[in-house]
Amino acid sequence: MISQDFAQRGVPQDLIYLAVAESGFQPQVVNRSTGAGGMWQFMPFAGSYGLTRNRLGRRALRPEKSSQAYARYNESALQPVRDW
């Protein structure tokens, strides 16, 4: 799932390991002091790279949605350099 999302956006596969540092690959982790949540520790801003809150909770806590958003984030953040 994550590997496929990264490949579609041209994001290096090695960045998958950042989820280990951010959350230990635990999709339900929420930082109590900042409110960041999910495997990739997205902050709870509305519409952050396609992540939204729904009536059941934050989509950042859904691994498939947050991985897609993380791939979009890396694609846009690294677009100017494009030198992985």
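Keep in mind that the numbers below use all heavy atoms, side chains included, and drop hydrogens, waters and symmetry copies.
- Put simply, the side chain of Val29 reaches to within 4.5 Å of the side chain of Gln41, judged on heavy atoms.
- Nearest heavy-atom pair across Glu75 and Arg9 is OE1-NH1, 2.8 Å.
- Taking all atoms of both residues into account, the shortest heavy-atom contact from Ala7 to Gln13 is N-NE2, 3.5 Å.
- Within the model, atoms CD of Gln4 and CD of Glu64 stand 12.5 Å from one another, a figure rounded to the nearest 0.5 Å.
- Note that OG1 of Thr34 and CE of Met43 are 4.5 Å apart. Values are rounded to the nearest 0.5 Å.
- Between Ala71 and Phe6, the shortest heavy-atom distance links the atoms CB-CD1, 3.7 Å.
- Pairs of residues two or more places apart, or lying in two chains, never qualify as side-chain hydrogen bond (donor to acceptor under 3.5 Å, both in side chains) while including a residue from residues 16-25.
- What you find for Gly35 and Val30 is that their closest heavy atoms are O-CG1, 4.1 Å.
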Point to revise | From CA spacing to verdict: side-chain contact (heavy atoms from CB on, under 4.5 Å), Tyr73, Val11 | key: CA-CA 10 Å; Tyr73 164 75; Val11 175; over 6 Å; no

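- Atom CG in Asn74 sits 8.0 Å away from atom CH2 in Trp40 (nearest 0.5 Å).
- Closest heavy-atom contact between Tyr70 and Leu18: OH-CD1, 2.9 Å.
- Between Tyr49 and Arg72, the shortest heavy-atom contact is O-NH2, 2.6 Å.
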Exercise for review: Could you walk me through whether Ile16 and Phe25 pass the side-chain contact (heavy atoms from CB on, under 4.5 Å) test, one step at a time?
Suggested key: CA-CA 10 Å; Ile16 291 172; Phe25 273 112; 3.7 Å; yes

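- Distance check, rounded to the nearest 0.5 Å: CG of Asp5 to OG of Ser66 gives 9.5 Å.
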